Amino acid sequence: MTDQLTGSAPSRGARDGAPAPAGGRQARVTRRRPRRFQPAWLFMAPSLLILGVFVLFPILRSLYYSFFDWTVGAASQPFVGFGNYVKLFHDPQFWNALRVTLEYTVVSVVLLVVLGFVAALLLQRDTLLNRIVRSVFFFPTIVSLVTIGLVWKFLLDPDIGLVGGLTALFGLPSVAWLQSTSLALPTVIFVSVWKSIGFAMILFIAGLKGVPAERYEAAELDGANRWQTVWRITLPSIRPTLLFTSMILTIQSFQVFDLVYVMTGGGPVFATDSLVNLLYRDGFVNYQTGYASAISWVLFVIIMLISLLQLRLFRYDDVD
């Protein structure tokens, strides 16, 4: 009885029938689970090491070189800040190379997107003949640009080339396709489009395969013709494919080098001199590493801005 009078009042949890915690009221302690070692890092370590040494480090090193008058073999490599970039924007060869690169990119990308889309529309049905034609279109894509350039350089030679022989056979005058300042760049663009049209076609065929058949059935019930179906149904449905294809082709076109180097070397009279060809000449022929690094970073910024613009133009919603 005395113990009941003098004892402490039972807790609320005890009155409700819940057992009281052992040792009285205790503060809640948040326990953190110890971090477990992830074995995946061991598998990724070799790739990350190679990526860091051969990709990330050269990128950062080129940025460092761009702020110096870095010439291979020179006694000193003075710091010039943004001097290389200022010199770049006053260099007529840079502006000529930028113009040539822009012309090459705009014409080749537009032709590849249009022709690749048309070829995909014509060859999307899975028949034996279409498979053979698609293989023929795609075959040049797997051949290196150096090989393609050498083959076409001999074909277009005005003296010993097959094209020159055909023109002479029909009594036409011989044309110096790669030696003319007005024809050299269009000829390089033609070869580039011929090589890559199969790549664009395969991408568009993959996009067309993903368009739901119900949309075409609904368009047919509404009385839409072939052109209206393509414009109103097909193109909006493959907008992600259009974005991916245009971005990939644009980046590849801005980085064109192999084809130009093999076929024309940037000539005649710098008529086909691309930005990467200018970069190669300044960096690996004239050994002006700092100036060449500045060209590479300007090219990177241009590609990034154009890619952002394409993302803006081709933006889409999942409900489209």
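Computed from heavy atoms alone, side chains included, the values below leave out hydrogens, waters and symmetry copies. Owing to the predicted nature of the structure, the values given are computational and were not obtained by experimental measurement. Index from 1, following the sequence.
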Is a side-chain N or O of Gln228 found less than 3.5 angstrom from the main chain of Asn225, in a donor-acceptor match? yes

CH2 (Trp227) and CZ (Arg232) are apart, to the nearest 0.5 Å, by 10.0 Å

Just do the side chain to side chain contact (heavy atoms under 4.5 Å, CB included) check on Leu102 and Phe254 with the steps written out, would you? CA-CA 8 Å; Leu102 287 175; Phe254 265 100; 3.6 Å; yes

Main-chain N/O of Val188 paired with Ser192 side-chain donor or acceptor, under 3.5 Å: no

For Leu275 and Phe94: C-alpha separation, side-chain torsions, deciding distance, then whether side chain to side chain contact (heavy atoms under 4.5 Å, CB included) applies. CA-CA 7 Å; Leu275 280 175; Phe94 167 77; 3.7 Å; yes

Within a strict 4.5 Å, meaning less than it, do heavy atoms of the Leu88 and Val298 side chains meet? yes

Leu308 and Ile251: same hydrophobic cluster, using ILVMFWY side-chain contacts below 4.5 Å? yes

When clusters are formed by joining ILVMFWY residues with side-chain heavy atoms under 4.5 Å apart, either directly or through shared neighbours, do Phe89 and Ile302 land in the same one? yes

Quick check: closest heavy atoms across Lys195 and Val143, and the distance to 0.1 Å? CE-O, 3.0 Å

What I'd like to find out is whether the side chain of Asp282 reaches to under 4.5 Å of the side chain of Ile295, using heavy atoms alone. yes

Let me confirm one number: the CD1-OG distance from Ile306 to Ser253, rounded to the nearest 0.5 Å. 10.5 Å

Using side-chain heavy atoms (C-beta onward) and a distance below 4.5 Å, is Phe204 in contact with Leu242? yes

If you define the side chain from C-beta out and look only at heavy atoms, does anything of Ile238 sit under 4.5 Å from Phe117? yes

Closest non-hydrogen atoms of Leu249 and Ala200, given as atom of the first, atom of the second and distance, are CD1-CB, 4.4 Å

Approximate separation, where rounding is to 0.5 Å, of Leu278 CG and Asn96 CG: 9.0 Å

Would Thr272 and Thr264 count as a side chain to side chain donor-acceptor pair (under 3.5 Å) if you check the C-alpha gap in whole Å, the side-chain angles of each, and the deciding distance to 0.1 Å? CA-CA 7 Å; Thr272 59; Thr264 65; 2.6 Å; yes

Let me check something: any side-chain donor-acceptor pairs from residues 159-174 under 3.5 Å, sequence neighbours excluded? List them with distances.
{"unit_1": "Thr167", "atom_1": "OG1", "unit_2": "Val163", "atom_2": "O", "d": "3.3"}
{"unit_1": "Thr167", "atom_1": "OG1", "unit_2": "Gly164", "atom_2": "O", "d": "2.7"}
{"unit_1": "Ser174", "atom_1": "OG", "unit_2": "Pro158", "atom_2": "O", "d": "3.4"}

Joint hydrophobic cluster, Phe67 plus Tyr64, side-chain heavy atoms closer than 4.5 Å: yes

Shortest non-hydrogen contact from Met247 toward Ser307: CE-CB, 3.7 Å

Answer yes if the side chains of Gln310 and Thr250 hold a donor-acceptor pair under 3.5 Å, and no otherwise. yes

Flag side-chain contact, heavy atom, 4.5 Å: Val86 against His90: yes

Drop me the distance from Lys209's NZ to Thr241's OG1, to the nearest 0.5 angstrom. 13.0 Å

Quick one: do Ile132 and Phe139 end up in the same hydrophobic cluster if we chain Ile, Leu, Val, Met, Phe, Trp and Tyr together by side-chain heavy atoms under 4.5 Å apart? no

Checking the side chain of Asp69 only, and the main-chain atoms of Pro78 only, is there a donor and an acceptor separated by less than 3.5 Å? no

Ignoring hydrogens, what is the shortest heavy-atom contact between Asn84 and Ala294? Give both atom names and the distance. CB-CB, 3.8 Å

Under 3.5 Å, is there a donor-acceptor pair between the side chain of Ser246 and the main chain of Leu243? yes

Please check if the number of heavy atoms outside Trp194 that lie under 6.0 Å from its CH2 is greater than 12. yes

Residue pairs, two or more places apart or on separate chains, that pass side chain to side chain donor-acceptor pair (under 3.5 Å) and touch residues 133-151: Asp126-Arg134, Ser144-Thr147

Please say whether more than 12 non-hydrogen atoms of neighbouring residues, nucleotides or ligands are located less than 6.0 Å from CZ in Phe79. yes

Does the separation of the ring centres of Phe257 and Tyr280 fall below 6.0 angstrom? yes

Report yes if the side chains of Phe57 and Val53 come closer than 4.5 Å at any heavy-atom pair, otherwise no. no

May I ask you to decide if the ring planes of Phe82 and Tyr85 are parallel, tilted or perpendicular, using 30° and 60° as cut-offs? tilted

Ring pair (Phe, Tyr, Trp, His ring centres under 6.0 Å) filter on Trp70, not counting sequence neighbours, yields Tyr65

Worked check of side chain to side chain contact (heavy atoms under 4.5 Å, CB included) between Thr71 and Thr289: CA-CA 6 Å; Thr71 304; Thr289 306; over 6 Å; no

Can you establish whether the number of heavy atoms outside Phe68 located under 6.0 Å from its atom CZ is more than 12? yes

Going by heavy atoms in the side chains, are Tyr261 and Val146 under 4.5 Å from each other? no

If we ignore angles and hydrogens, is there a donor and acceptor under 3.5 Å between the side chains of Tyr216 and Thr234? yes

If you measure from OG1 on Thr101 to CD on Gln255, what distance do you get to the nearest 0.5 Å? 11.0 Å

Between the main-chain N or O of Phe199 and the side-chain N or O of Ser196, is there a donor-acceptor pair closer than 3.5 Å? no

Would you name the heavy atoms of Ala184 and Gly267 that are closest together and state the gap between them? CB-O, 4.3 Å

Is the closest side-chain heavy-atom distance between Thr229 and Glu220 below 4.5 Å? no

Please step through side chain to side chain contact (heavy atoms under 4.5 Å, CB included) for the pair Leu305 and Leu309, ending with a clear verdict. CA-CA 6 Å; Leu305 292 177; Leu309 178 62; over 6 Å; no

For Asp91 and Tyr291, what are the C-alpha separation, side-chain angles and deciding distance, and is it a side chain to side chain donor-acceptor pair (under 3.5 Å)? CA-CA 11 Å; Asp91 186 359; Tyr291 190 65; 2.6 Å; yes

Considering all heavy atoms, the nearest Asp273-Asn277 contact: OD1-ND2, 2.7 Å

What distance separates Leu203 CG from Phe244 CZ, expressed to the nearest 0.5 Å? 6.0 Å

Same apolar cluster: Phe154 and Leu259, side chain cutoff 4.5 Å: no

